[in-house]
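Below: one structure, written as structure tokens.
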Amino acid sequence: MSHIMSHIELLKKHELKATPQRLCILNTLDSCGHATLEDIQKIISIKFPTLSLSTIYRNLNDMIQKEIVSEVKLVNKKDYFEIAKDNHVHLICQKCGKIEDFEIKTDNLSKKIEELTGDKVLSNTLSFDVICKDCLSAK
Ligand SMILES: [Zn+2]
Ligand SMILES: [Zn+2]
């Protein structure tokens, strides 16, 4: 199945219209993995030069509400967006800034924290600072 087709189905499944703007945002997130609002606008403006940041944000937000897209909150970094996927942590290269996903179940950790503190964990975005293998081998 092509990406375009699966994105149309993804939107339909969540009762959102598959507008060219939304498809373009999903496509951008798909190819970048993680992107900021500005990143998305830069790429989208090639196809839709008049689309404003607020329109892009509104579309993103619609998809966040439906849990198609998730917001990645990284400490000391701008907010990134990604297509919602399974539990994972982020590996952030301190040299090139690349953000990689590493799939691991963090549910148990959240449960443990709740048990030990009595707090309610709302989200469990974990990130690790790394030097990625490409930067390591570029020495
Ligand atoms: Zn790197
Ligand atoms: Zn991610």
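Everything numeric here is computed off the predicted structure, so don't read it as measured data. Note that these values count all heavy atoms, side chains included, but never hydrogens, waters or copies made by symmetry. Remember, it's 1-based here, ligands and their atoms both numbered in the order they're listed.
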Does one side chain, of T36 or D39, offer a donor that lies under 3.5 Å from an acceptor on the other?
yes
Angle subtended at the Zn ion (ligand 1) by SG of C132 and SG of C93, nearest 10°:
110°
What is the OD1(D101)-the Zn ion (ligand 2)-OE1(E82) angle, to the nearest 10 degrees?
140°
C96 SG and C135 SG subtending at the Zn ion (ligand 1) (10° steps)
110°
Would you call the rings of H88 and H34 parallel, tilted or perpendicular if under 30° counts as parallel and over 60° as perpendicular?
tilted
Salt-bridge criterion met for R22 and D62 (N-O under 4.0 Å):
yes
Out of the N/O/S atoms in H88, what is the name of the one closest to the Zn ion (ligand 2)?
NE2
How about Q94 and D129: does a side-chain donor come under 3.5 Å of a side-chain acceptor?
yes
